Amino acid sequence: MLGPVLHVASRSDTIRRLVSTTPVTRPVVDRFIAGERLDQAVAAVRSLTGRDLEVTLDHLGEDVTDPAEALRARDAYLELTEALAKEGLGERAEMSVKLSAFGQALPGGHDLALANVLPVVEAADAAGTTVTLDMEDHTTVDSTLAILAELRRRFPATGAVLQSCLLRTEDDCRALAGEGSRVRLVKGAYREPAEVAYQDKHLVDRAYVRCLRLLMAGDGYPMIGSHDPRMIAIAQELARRVGRSPRSYEFQMLYGIREAEQVRLAEAGHRVRVYVPYGTDWYGYFMRRLAERPANVAFFLRSVVSRG
């Protein structure tokens with residue numbers, strides 16, 4: 001029952017202020033966030049790649065409310081790209097971006113987001129890496145996929161994220177299963193209405209398997225975004241059935257979650273990429289992670305109530 005409450009809380013300025021000033025927050029946040037500064041994120045990349053893991057970096061921020069914020073998001077990613085090039089990490093670390101951080105929700109947001117993300121994708125290509133467009137709530141899907149199509153004309157390695165909770169996603173998987181396409185399949189972390197999304201976890205899981213089957217049978221590069229042992233095992237079996245090598249797809253997991261499993265899969269010869277978020281605007285991401293992990297919710301809420 002706490003999950004929906006936390007999804008609502010993730011958009012509350014009042015709760016944001018309370019959470020951000022609660023002393024117990026920092027140790028819990030540090031589990032999921034690599035740091036607030038770029039140098040901390042780069043240090044995390046070095047540590048992970050030293051364990052034969054790959055990385056996708058997310059400079060935290062979403063739902064910007066003015067064009068100046070969108071420009072700051074663009075500049076933060078350009079700085080990140082420069083750092084990856086300087087450190088020679090382009091082959092091991094890519095970037096994930098939320099288009100709402102680039103102005104997608106503002107008036108004229110589709111064109112604004114495209115204009116802001118394009119120089120980031122260009123810089124990433126020059127640095128020997130690439131960008132994946134994170135997927136947000138269902139209202140952004142059409143715009144995000146249209147921007148993806150535009151970017152892929154020049155930068156075909158640009159990736160996309162699809163969420164199995166959405167009713168439309170099987171059709172989107174069919175459309176994006178072609179040669180050269182990179183798709184991260186996740187279950188979905190946003191609270192969506194019944195008109196557009198499955199509400200039952202079992203149905204979301206079944207949809208995930210159907211989508212994964214489509215991607216594995218296609219000519220693209222599937223990226224399995226899941227910590228679920230069943231989905232990881234199913235992905236390996238589907239890959240075996242269609243004759244995929246372990247390097248023709250990858251597993252993706254979040255920073256700070258199932259770290260031993262990340263290393264185990266890498267040691268078994270699989271490509272494993274860790275989603276590493278960093279930055280000062282960590283609240284929305286943090287609350288979604290709490291919503292997914294009941295043990296962390298209980299610990300954190302006890303601390304908040306005690307402080308109150």
Side-chain angles (χ1 to χ4, degrees), residues 3 7 31-32 48 51-58 94 96 98 132-137 141 159-170 172-173 176-177 181-192 197-218 220-242 244-277 285 288-296:
H7 282 295
R31 175 173 182 175
F32 303 119
L48 291 165
R51 287 178 277 168
D52 203 26
L53 300 167
E54 298 179 47
V55 171
T56 185
L57 286 149
D58 174 13
E94 65 155 35
S96 290
K98 288 181 172 61
T132 292
L133 305 183
D134 278 344
M135 194 62 75
E136 301 179 69
D137 70 71
V141 176
V161 177
L162 297 176
Q163 302 171 100
S164 72
C165 68
L166 296 180
L167 304 179
R168 62 174 289 169
T169 297
E170 285 180 68
D172 290 331
C173 283
L176 290 175
S181 184
R182 299 170 61 253
V183 177
R184 179 196 307 152
L185 181 65
V186 301
K187 294 182 183 180
Y190 294 86
R191 189 70 178 172
E192 302 282 14
Y198 299 108
Q199 303 298 300
D200 182 83
K201 180 181 182 300
H202 180 63
L203 294 178
V204 174
D205 287 354
R206 290 178 63 182
Y208 192 98
V209 174
R210 293 195 300 271
C211 291
L212 187 56
R213 187 178 291 115
L214 289 168
L215 294 175
M216 283 292 192
Y221 181 78
M223 302 181 284
I224 301 95
S226 179
H227 307 97
D228 187 337
R230 295 172 303 159
M231 298 306 162
I232 292 169
I234 289 170
Q236 292 178 79
E237 175 59 20
L238 290 173
R240 185 192 65 78
R241 290 182 185 179
V242 300
R244 279 186 176 270
S245 72
R247 310 301 285 183
S248 67
Y249 62 96
E250 67 183 46
F251 294 103
Q252 295 194 0
M253 298 186 185
L254 299 174
Y255 180 78
I257 299 179
R258 299 202 72 199
E259 293 170 310
E261 177 67 357
Q262 295 171 15
V263 173
R264 184 193 72 79
L265 286 167
E267 289 178 345
H270 293 284
R271 296 188 71 178
V272 181
R273 191 176 303 275
V274 183
Y275 189 100
V276 177
Y285 179 88
R288 288 195 293 274
R289 300 294 78 78
L290 286 184
E292 293 168 352
R293 299 181 66 81
N296 286 336

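Predicted, not measured: the structure shown is a model, and the values here were computed from it. Only this structure's heavy atoms are used, side chains among them; waters, hydrogens and symmetry mates stay out.
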Just so I know, are the side chains of [X] and [Y] near enough to count as touching, which here means a heavy-atom distance under 4.5 Å?
{"X": "Pro229", "Y": "Arg258", "result": "yes"}
{"X": "Pro222", "Y": "Leu185", "result": "no"}
{"X": "Tyr255", "Y": "Val55", "result": "no"}
{"X": "Thr169", "Y": "Met135", "result": "no"}
{"X": "Asp172", "Y": "Val141", "result": "yes"}

Of all the heavy-atom pairs spanning [X] and [Y], show the shortest one and how long it is.
{"X": "Arg184", "Y": "Ser96", "result": "NH2-OG, 2.8 Å"}
{"X": "Val242", "Y": "Ala217", "result": "CG1-CA, 4.3 Å"}
{"X": "Thr56", "Y": "Arg273", "result": "N-CG, 3.6 Å"}
{"X": "Ser164", "Y": "Lys187", "result": "OG-CA, 3.5 Å"}
{"X": "Leu167", "Y": "Ala197", "result": "CG-N, 3.8 Å"}
{"X": "Leu254", "Y": "Val274", "result": "C-CG1, 4.1 Å"}

Who are the ring pair (Phe, Tyr, Trp, His ring centres under 6.0 Å) partners of Phe251, not counting sequence neighbours?
Tyr249, His270
Inspect the contact between [Y] and [X] and indicate whether a charged nitrogen and a carboxylate oxygen are less than 4.0 angstrom apart.
{"X": "Glu259", "Y": "Arg51", "result": "no"}
{"X": "Arg264", "Y": "Glu261", "result": "yes"}
{"X": "Lys98", "Y": "Glu136", "result": "no"}

[X] [atom1] to [Y] [atom2] distance, which is reported to the nearest 0.5 Å:
{"X": "Cys211", "Y": "Leu166", "atom1": "SG", "atom2": "CG", "result": "9.5 Å"}
{"X": "Leu53", "Y": "Leu265", "atom1": "CG", "atom2": "CG", "result": "9.5 Å"}
{"X": "Asp137", "Y": "Arg191", "atom1": "CG", "atom2": "CZ", "result": "13.5 Å"}
{"X": "Leu238", "Y": "Gln236", "atom1": "CG", "atom2": "CD", "result": "10.5 Å"}
{"X": "Leu215", "Y": "Ile224", "atom1": "CG", "atom2": "CD1", "result": "8.5 Å"}
{"X": "Met223", "Y": "Leu162", "atom1": "CE", "atom2": "CG", "result": "9.5 Å"}

Any sub-3.5 Å donor-acceptor pair from [X]'s side-chain atoms to [Y]'s backbone N or O?
{"X": "Gln199", "Y": "Glu192", "result": "yes"}
{"X": "Gln262", "Y": "Gly256", "result": "no"}
{"X": "Arg244", "Y": "Met216", "result": "yes"}
{"X": "Tyr198", "Y": "Asp205", "result": "no"}

Side chain to side chain contact (heavy atoms under 4.5 Å, CB included) partners for Arg240, two or more places apart:
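By the side chain to side chain contact (heavy atoms under 4.5 Å, CB included) rule, Arg240 matches Glu237.
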Please check if atom CZ in Arg210 has more than 12 non-hydrogen atoms from other residues, nucleotides or ligands closer than 6.0 Å.
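Count over threshold, so yes.
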